[in-house]
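Only one structure is covered here, and it is reproduced in the block below.
Atoms within a ligand are numbered from 1 in the order they appear, just like the ligands themselves. Position 1 is the first residue of the sequence; numbering continues from there. Note that these values count all heavy atoms, side chains included, but never hydrogens, waters or copies made by symmetry.
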Amino acid sequence: MSYKGIKIAALICVLLPFGGCKAEKTISKQENVVSGTRDVFAMDTYMNMTVYGANAEKALDEAEKRIFKLESELSATSDTSEIWKLDHSDGKAVEMSEDTAELIGEALDMCGKTYGCLDITVYPILKEWGFTTGEYRIPEKAKIDELLSKVGYTNVKKEGKSIKLPEDVQIDLGAVAKGYTSDEILDIMRSYDVRSAIINLGGNVQTLGKKPDGSDWKIAVRDPFQPETDMCVVETSDRSVITSGNYERFFIGDDGKRYCHIIDPVDGYPADNGYVSVTVIGSSGIVCDALSTAVFVAGTEKAPEIMRDFADYEFIVVTDDEKIHFTQGISEHFKNISSMPAEVIAFD
Ligand code: ADP
Ligand code: MG
């Protein structure tokens, strides 16, 4: 998420007369259901919302406003955001808005529930690797170790809307912001009596109800080894389908290795623990988003423990030896269209 995103969004609106930020109102022939669709560029990503219902346009207007409000509050790189204020508070408590405080609380809860694999205080390390600017570099190990000594989500003190970070501790909510945003959008949709909608926030998909024809939504998940190709299709309704992968934002170092934007809080290096992609399917967008990042970090050894704890959530993971593994509950609802073998995860 960045301020740059807003500028690019404005540009896209100009460049795309039939898409961009313009609303399109169409009548679906199939069921004479009023539908609306909207493209937005925010949080550094392309977003699309398609909703069905008499109030589709009003719901989309409010959802769009909400997206930009959340972006302005949550961006760690924009010097007008609340997170920026918190990250530059020199150890003093800062009063947050209701939204931001709630999201920080939920994120901290997920940091604990994922045994610290999710850790919103890795931000200074993320910056050191250049992931916030695109000026990528492999930092000196001593520098990583120095920064690592300040990492730890338990350092974040929250009392209601007041948040306090020790000096040199900074947070970013990039791992959960889109999931939270899609939950908020669905609340808006429901308040406008929308019963059917699909929200795609840069590949993080959230569905409300079923398709207007009563069938499940079909969500394609990318092949991490060939990101322009689909790996599988998930059939679902009233669920989020959220993926974290090593192909989304990465650079190849001088040593020829791939370094991705998800940091392992154990050693301060980009996570490389056996997974190249993790998809989570479940009812809460923020939980799916938190879990996709955390399970990616946890990797083949530690992830089963987290998956077991979140038994209401389904997982489709791809290992670096080109195999798909999935939890039993999703087996009837996804179709592997890749050439990789897929097998169910057996918990012992
Ligand atoms: P994306 O936002 O690309 O869909 P993720 O949901 O996995 O992917 O979030 C990755 C983002 O989360 C990073 O860009 C960074 O802002 C943040 N991040 C990276 N590593 C961690 C971590 N271990 N814990 C919490 N946040 C992280
Ligand atoms: Mg995530």
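- Closest to atom 5 (P) of ligand 1 among all protein heavy atoms lies T293 OG1, 3.3 Å.
- Residue contacts with ligand 1 for V176 are absent, since no atom lies close enough (heavy atoms, distance under 4.0 Å).
- Looking at R137, its side chain does come within 3.5 Å of a backbone N or O of E128 through a donor-acceptor pair.
- Regarding atom 2 (O) of ligand 1, its nearest protein heavy-atom neighbour is K178 NZ, 3.4 Å.
- With a heavy-atom cut-off of 4.0 Å, D172 touches ligand 1 through its side chain alone.
- By the 30° and 60° cut-offs, the orientation of the rings of W84 relative to H88 is parallel.
- Scanning all protein heavy atoms for the shortest distance to atom 23 (N) of ligand 1 gives I263 O, 2.7 Å.
- Nearest residue to atom 6 (O) of ligand 1 from V297, D289, D119 is D289 (criterion: closest heavy atom).
- At least one N/O/S atom of A175, whether from backbone or side chain, sits less than 2.8 Å from the Mg ion (ligand 2).
- Between the side chain of W217 and the backbone N or O of Q206 there is no donor-acceptor pair closer than 3.5 Å.
- At a 4.0 Å heavy-atom cut-off, ligand 1 touches V122 through the side chain alone.
- At the Mg ion (ligand 2), the angle from OG1 in T293 to O in D289 is 90° when rounded to 10°.
- Between the side chain of E82 and the backbone N or O of S97 there is at least one donor-acceptor pair closer than 3.5 Å.
- Assignment of C117 to the shell around ligand 1 is supported, since a heavy atom sits closer than 4.0 Å.
- Close approach of ligand 1 to R249 is summarised as follows: ligand atoms under 4.0 Å from at least one heavy atom of the residue are 14 (O).
- A donor-acceptor pair under 3.5 Å is absent between the side-chain atoms of D264 and the main chain of Y269, judged by distance alone.
- Residue S292 places no N or O, backbone or side chain, under 3.5 Å from any N or O of ligand 1.
- Of all the atoms in ligand 1, the ones that sit under 4.0 Å from a non-hydrogen atom of L118 are 24 (N), 25 (C).
- Results of the ring pair (Phe, Tyr, Trp, His ring centres under 6.0 Å) test with Y136 over F250, W129, F251, Y259 single out F251 as the only residue that passes.
- The closest heavy-atom contact to atom 11 (C) of ligand 1, among the options C111, G174, A294, G203, comes from G174.
- Annotation: atom 15 (C) of ligand 1 to nearest protein heavy atom, L126 CD2, 3.6 Å.
- Of the heavy atoms in H261, both backbone and side-chain atoms come closer than 4.0 Å to ligand 1.
- Here the shortest heavy-atom distance to atom 9 (O) of ligand 1, taken over G116, A175, C260, belongs to A175.
- Using a 4.0 Å cut-off between a side-chain N of Lys or Arg and a carboxylate O of Asp or Glu, D255 and K257 do not qualify as a salt bridge.
- In this structure, the separation between OG on S237 and NE2 on H333 is 9.0 Å, given to the nearest 0.5 Å.
- Closest to atom 7 (O) of ligand 1, if we only count protein heavy atoms, is S244 OG, 2.6 Å.
- Atom CZ of residue F310 and atom CG of residue L291 lie 5.0 Å apart, to the nearest 0.5 angstrom.
- A donor-acceptor contact shorter than 3.5 Å is absent between the side chain of D39 and the backbone of N48.
- Between atom CG of residue N336 and atom CG of residue D223 there is a gap of 9.0 Å, rounded to the nearest 0.5 Å.
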